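Worksheet: one structure, shown below.
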Amino acid sequence: MPAAVNQSRPYFDKILIANRGEIALRIGRTCRDLGIDVVAVYSEADRKALHARFSLDSVPLGPSPPSESYLRGDKIIQAALDTGAQAIHPGFGFLSENTAFAQAVTDAGLVFIGPPPKSMEIMGDKLSARQAMVAAGVPVVPGTTEPVADVEAATLVAGEVGYPVMLKAAAGGGGKGIRIVSSAKEIDSAFRTASGEAKNAFGDGRMYIEKFLPAPRHIEVQVLADHHGRVLHLGERECSVQRRHQKLVEEAPAASLPEETRAELCQAAVQAAKAVGYRSAGTVEFLYSEGKFYFLEMNTRLQVEHGVTEEIYGVDLVEQMIRIAAGQPLELPEQLFPRGHAIEVRLNAEDPDRNFAPSTGVLRNLRLPGGPGVRIDSAAYRGMEVTPYYDSMLGKLIAWGPNRKLALRRMIRVLQELHVGGIKTSAGVALRILESAEFQKGQYDTGFLEAMLAAEEDLGRPISPLEEVAAIAAALHRQHTAARAQLRPTTGNGTGPSPWVLQGRRNLVDHQPR
Amino acid sequence: MKYFLKLARGRSFELAIEEAGEGRYRVDMDGRSFEADFSDVDRLGQYALRLDGKAFAVSIGEMETKELQVNIAGESFSIVAEDERERKAGEFSGGGKARGETITAFMPGIVIGVRVEVGDKVDAGQAVAVLEAMKMQNEVASEQGGVVEEILVEAGQAVQANQPLLRLGPEAEAAE
């Protein structure tokens, strides 16, 4: 029945996913649900990865370092051409916000599943983005829209804006090249170090100045724009639980936001997308402080935390991106209504007790949660080696509930059911966040997590009622493994005492009076 | 067998375990006793624990021989567990001040830089090298301090966890 097959594949027959891990698997899942064949690419370290197993074709890219594999746009485009893929989905990270790559994909006669290079270019530079937003009437944080030439110019502008100010790299991202300057005395050294850091990290040392907002909340809006002039928003997400600008817990909708502010915020996001000729799914990030919101940046790609929006709107954002890229009009109604509340916890391979240092090694054991309202987006499996080459995120745990209270309780249950063996994760910290009074009340800002960690450092954590149970379990484990070790023959060639003899000896020892 | 347990966050416990057969144990801890039912679920660290009838899904990872990572209901505890023989053996060794220090990588990664040179004096807690993994840079610090005797790695080199990076000797004429 060729006709029926064609109908079930309305967009593309085959898509290459230029990514790895959890997000490559998540995008591949939607493709397979839609009847679209998947081409996976993988590095040496990812030969056994799930994303490369659950695909029709899988193409090796080369050695493990990203610069030799997942950042090799040329190899990726060649792989798409060789396997007959018609489109490339870049996921997030790696090449997803690389304008030259998006252009090269198009030049090769393939479809880039993302926005036009021009929108990426404007939003990719913090200063040109600020200029575009000012022109479109979207509020930005007070400060400069041009780079400040040197320390003297910076001092002058900072004086006008008023301390404290933020010094930010125009090409910045991931918290690099940012300094808070609280007085004129500090600006000289702050400017030099931040500019140097930006030059090293991004090859661009241009700096600009923004007013420092005290205790802002991070609220972002999901947008979808098609090639037929329609731009929709899918409400907001709150991502204020951050450590060093890295998000750890996200929720949708925002914990508490006045209804008229929410409407204005979402409208501003639509305006922002329109101003740069945006197409595809994108996220407009805002800072919300003292009742006002300000444009922060736009991420011109699928966002890590897109799942919470999907859960409350019942919309598959990856499917929408594919449809839009294929030139189809959005079929969603103008007014979308969210249902309930969703919370996401990022599961990172890092050791919270060692200042969140990456934790690598073999994932010796894995017990994943489940049940009503639970979604696990992860490509982790037992026996997987967590290498130092890539991002530390193992996956995302998402809990949905008809209201925030139930979603929160569900997320706590999910974390209680989860077990990751062999490597350390951020799950324990996430549990303490969810159980904190601030988070439960929905009264938290971007300073919350660092303050919580600092308080734990200073005052110590409250003694857990499970501490004694853990101690008993540890001792029982030692007793149990000692018994097991004695049962095992000490050598493989049969010259050691038999397990029965050892068991006998052990019984004797155990029955001796102490 | 008697066990001595120390939690990473301070509390210590002393407890005695007596096997009662069929995976059942009698546990005495600080004058209180418990009936424990402890079964190995998968031989990969998961256990079903019942303590006086209350159920706990426990999983235990061995970080090193004596250091255990015990997870219960999403909470994680780092516990150093010694049995009575190990405790006795430990009392004979140890004690004396260690001479010199070998600084090792606490994680696998790439050496971004070494901040000291042979002959430099290093204080306890001072960062001596920077490692990068998963896009994050982390400092490696000396625990005891001393004088740099040998640098075993160079910038750009990939290292495994626990690989020696630097060797420190005792400080000459160390002030006590």
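Please read all numbers here as calculations on a predicted model, not as lab measurements. Here is the naming used below: chain letters follow the sequence lines, and residue numbers restart at 1 for every chain.
Counting heavy-atom pairs under 4.5 Å between each of Arg413(A), Arg461(A), Glu417(A) and chain B puts Arg461(A) at the top. In terms of non-hydrogen atom pairs under 4.5 Å with chain A, the most contact-rich of Ala8(B), Pro108(B), Ala57(B) is Pro108(B). Highest contact tally toward chain B, considering only Ala349(A), Gly428(A), Pro352(A), Ala474(A), is held by Ala474(A) [criterion: heavy-atom pairs under 4.5 Å]. When Arg11(B), Glu82(B), Met29(B) are compared by the number of non-hydrogen pairs under 4.5 Å with chain A, Arg11(B) comes out ahead. Contact tally against chain A (heavy-atom pairs below 4.5 Å) for Ser76(B), Ser59(B), Ala16(B), Ala36(B): the top residue is Ser59(B). Top candidate by heavy-atom pairs under 4.5 Å with chain B, chosen from Leu476(A), Leu415(A), Thr360(A), is Leu476(A). Chosen from Leu49(B), Val27(B), Leu7(B), Asp40(B), the residue pairing most often with chain A at heavy-atom distances under 4.5 Å is Asp40(B). For the options Ser464(A), Ala430(A), Gly361(A), Gly460(A), heavy-atom pairs under 4.5 Å to chain B are most numerous at Ser464(A).
Taking a 6.0 Å sphere around CZ of Arg243(A), one finds it holds more than 12 heavy atoms contributed by other residues, nucleotides or ligands. Around atom CZ of Arg26(B), no more than 12 heavy atoms belonging to other residues, nucleotides or ligands sit under 6.0 Å away. Within a 6.0 Å radius of CD in Gln160(B), no more than 12 heavy atoms belonging to other residues, nucleotides or ligands are found. The number of heavy atoms from other shown groups lying within 6.0 Å of CD (Gln126(B)) is above 12.
Here the straight-line distance linking atom CZ of Phe13(B) with atom CD of Glu467(A) works out to 5.0 Å at 0.5 Å rounding. Summarising the geometry, atom NE2 belonging to His477(A) is positioned 10.0 Å from atom OH belonging to Tyr3(B); distances are rounded to the nearest 0.5 Å. To the nearest 0.5 Å, atoms CZ (Arg367(A)) and CD (Gln46(B)) are separated by 4.5 Å. Note that CZ of Phe56(B) and CD1 of Ile472(A) are 8.5 Å apart. Values are rounded to the nearest 0.5 Å.
Heavy atoms of Arg432(A) lying under 4.5 Å from chain B are absent altogether. Only the side chain of Ile463(A) comes within contact range of chain B, with heavy atoms under 4.5 Å apart. Heavy atoms closer than 4.5 Å to chain A are found in the side chain of Phe34(B), but not in its backbone. With a 4.5 Å cut-off on non-hydrogen atoms, Ser359(A) touches chain B through its backbone but not through its side chain. Of the atoms belonging to Leu44(B), heavy atoms from both backbone and side chain fall under 4.5 Å from chain A. Neither the backbone nor the side chain of Asp351(A) comes within contact range of chain B; no heavy atoms are under 4.5 Å apart.
A salt bridge is absent between Glu62(B) and Arg478(A): the closest approach of a Lys/Arg side-chain nitrogen to an acidic carboxylate oxygen does not fall below 4.0 angstrom.
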Exercise. Would you sort out whether Gln479(A) and Phe38(B) count as a side-chain contact (heavy atoms from CB on, under 4.5 Å), showing the intermediate values?
Key: CA-CA 11 Å; Gln479(A) 178 97 10; Phe38(B) 192 67; over 6 Å; no
Quiz prompt | Step-by-step side-chain contact (heavy atoms from CB on, under 4.5 Å) determination, Leu466(A) to Phe77(B) | solution = CA-CA 9 Å; Leu466(A) 291 173; Phe77(B) 305 88; 3.9 Å; yes
Exercise. Quick one: do Arg43(B) and Arg484(A) satisfy side-chain contact (heavy atoms from CB on, under 4.5 Å)? Show the steps, please.
Key: CA-CA 10 Å; Arg43(B) 299 207 156 194; Arg484(A) 249 176 66 187; 3.8 Å; yes
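Exactly one residue among Asp42(B), Asn71(B), Ile60(B) makes a side chain to side chain contact (heavy atoms under 4.5 Å, CB included) with Asn365(A). That residue is Asp42(B).
Under 3.5 Å, the side chains of Asn355(A) and Asn138(B) contain no donor-acceptor pair of N or O atoms.
The minimum heavy-atom distance linking Ala73(B) with Leu431(A) is given by the pair O-CD2, 3.6 Å.
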